[in-house]
Amino acid sequence: MILILATSLVAPSAFVEVKAGSYLVGKDTAIANPRRTVILQGFQIAKFETTNAEFAKFVDATGYITDAERNKNAMVFEPGLRDFRWLQDPTANWRFPNGKTRGGIKDRMDHPVTTISYRDAVAYCKWASVRLPNLDEWEVASRAGAKGDWFFGEQKKVREYANIWHGPNHLKADHSDGYMTTSPVGKFKPNEWGLYDIYGNVFEMCSGNLKGDGKFTIHSRGGSWWCSKNSCSFFNSVDIGKVDSRASFSNQGFRVAR
């Protein structure tokens, strides 16, 4: 893999180049993502998830207002909630990912931007002359040549590579890896191609597919800080999540490609 200096507005300025070719994706037992070979054109993908600092430059330059700011319907988390339970907080948006009472991003500009929708991510990409990766591109980049569920081999090694939830449930806060929610990008080990936080930290939105009912189903991959082995264990290269195109969660972000 070759590091390419970016000419777009995206920072940090390094992308990883993925060469054109045929790649193995999926898994024999995965109904939604069966084992198959895909043919990809060459593309470049950012080493890091898009940060609060990068998104702030976009907002400052354009005056963009996110869906969470418009609709006041963002979903947030606090310890004490049962697994898969979230709270709707009208004060939550990318500046206050879990609502104003739980703190803002002033000291977290190097964390991934969250509490944004697919629409918001696409708007950022258009401004920055980049795009979201599609499902196959994301998976190929995440695997970095590996064929199993995890690019690092066995799930027990996940602590070295991903910011996830290590507690048995979400009733009590988990700071065991140093972070309860997001961590600064690049704090955990990268995969073999130099991509950081490809698992954990935030779910990464991929380009959406138009369904027969005229609605977009947005796919997200890689798991997040909220995911544990007992709840939503999507911190791998196989599982594919989905969310409404206007939904905004505090564990949802994106990584760009071009």
Side-chain angles (χ1 to χ4, degrees), residues 8-11 43-46 48-77 86-100 104-105 108-109 111-139 141 181-182 185 197-198 201-226 232 234 239-258:
S8 70
L9 296 173
V10 176
F43 67 98
Q44 296 165 14
I45 187 167
F48 303 104
E49 295 162 333
T50 303
T51 64
N52 287 315
E54 292 170 317
F55 199 78
K57 291 179 181 178
F58 159 60
V59 172
D60 290 345
T62 64
Y64 183 83
I65 300 174
T66 63
D67 276 338
E69 291 170 293
R70 290 179 184 276
N71 302 325
K72 302 187 184 306
N73 62 351
M75 304 301 290
V76 307
F77 169 81
W86 291 75
L87 301 174
Q88 188 172 101
D89 189 327
T91 72
N93 55 63
W94 71 275
R95 294 183 176 90
F96 298 93
N98 280 289
K100 285 190 174 181
I105 61 170
R108 298 184 176 188
M109 298 306 288
H111 288 230
V113 63
T114 68
T115 322
I116 56 170
S117 69
Y118 175 82
R119 171 183 169 273
D120 302 332
V122 169
Y124 171 88
C125 288
K126 183 178 181 180
W127 171 79
S129 299
V130 292
R131 61 179 176 83
L132 296 177
N134 64 40
L135 290 172
D136 291 339
E137 288 174 337
W138 186 96
E139 182 165 336
T181 59
T182 57
V185 298
D197 303 302
I198 201 74
N201 221 6
V202 294
F203 268 110
E204 298 180 9
M205 289 180 278
C206 296
S207 45
N209 296 328
L210 187 61
K211 301 300 182 181
D213 59 5
K215 296 181 180 179
F216 275 105
T217 296
I218 307 309
H219 299 287
S220 57
R221 307 202 65 174
S224 73
W225 56 263
W226 188 92
C232 185
F234 275 31
D239 288 319
I240 302 174
K242 60 183 179 180
V243 68
D244 184 89
S245 64
R246 292 297 182 100
S248 302
F249 282 80
S250 60
N251 69 336
Q252 178 178 289
F254 64 101
R255 178 189 308 263
V256 301
R258 62 182 191 179

Spacing of [X] atom [atom1] and [Y] atom [atom2] [to the nearest 0.5 Å]:
X: Asn201; Y: Phe48; atom1: CG; atom2: CZ; result: 11.5 Å
X: Ser248; Y: Gln88; atom1: OG; atom2: CD; result: 10.5 Å
X: Gln252; Y: Met75; atom1: CD; atom2: CE; result: 11.5 Å
X: His219; Y: Tyr118; atom1: NE2; atom2: OH; result: 9.5 Å
X: His111; Y: Ile105; atom1: NE2; atom2: CD1; result: 10.0 Å
X: Thr182; Y: Asn52; atom1: OG1; atom2: CG; result: 7.0 Å

Exercise for review: May I ask you to check whether Phe77 and Trp225 place their ring centers less than 6.0 Å from one another?
Suggested key: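 Yes.
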Exercise for review: Would you sort out whether Asn251 and Trp86 count as a side-chain contact (heavy atoms from CB on, under 4.5 Å), showing the intermediate values?
Suggested key: CA-CA 11 Å; Asn251 69 336; Trp86 291 75; 3.6 Å; yes
Partner set under side chain to side chain contact (heavy atoms under 4.5 Å, CB included) for [X], not counting sequence neighbours:
X: Glu204; answer: Glu49, Trp138, Ile198, Arg255
X: Asp239; answer: Phe234, Asn236
X: Ala53; answer: Thr51, Met109
X: Phe96; answer: Asn93, Lys100

Which heavy atom in [X] sits nearest to a heavy atom in [Y], and how many Å separate them?
X: Val76; Y: Gly99; answer: CG1-N, 4.2 Å
X: Val202; Y: Gly253; answer: CB-N, 3.8 Å
X: Ser245; Y: Ser117; answer: O-CB, 3.5 Å

Point to revise | For Glu139, all residues meeting salt bridge (Lys or Arg N to Asp or Glu O under 4.0 Å), sequence neighbours excluded | key: Arg143, Arg221
Point to revise | Any pair counted as salt bridge (charged side-chain N to carboxylate O under 4.0 Å, His left out), so long as it reaches residues 118-131, sequence neighbours left out | key: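 Pairs touching residues 118-131 that pass the test: Asp67-Arg119, Arg131-Glu137.
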Which residues pass the side-chain hydrogen bond (donor to acceptor under 3.5 Å, both in side chains) test with [X], not counting sequence neighbours?
X: Thr114; answer: none
X: Asn134; answer: none
X: Thr115; answer: none
X: Asp89; answer: Thr91, Arg102

Check your understanding: So, do Cys206 and Leu132 sit near enough that their side-chain heavy atoms are less than 4.5 Å apart?
Key ->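 They are not in side-chain contact.
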Exercise for review: State, with a plain yes or no, whether a side-chain heavy atom of Thr50 is found less than 4.5 Å away from one of Phe58.
Suggested key: no
Practice item. Check the pair Phe249 / Ser220 against side-chain contact (heavy atoms from CB on, under 4.5 Å), numbers first and verdict last. Key: CA-CA 12 Å; Phe249 282 80; Ser220 57; over 6 Å; no
Exercise for review: Kindly write out the residues that satisfy ring-ring contact (aromatic ring centres under 6.0 Å, His included) with Phe254, not counting sequence neighbours, or none if the list is empty.
Suggested key: Tyr124
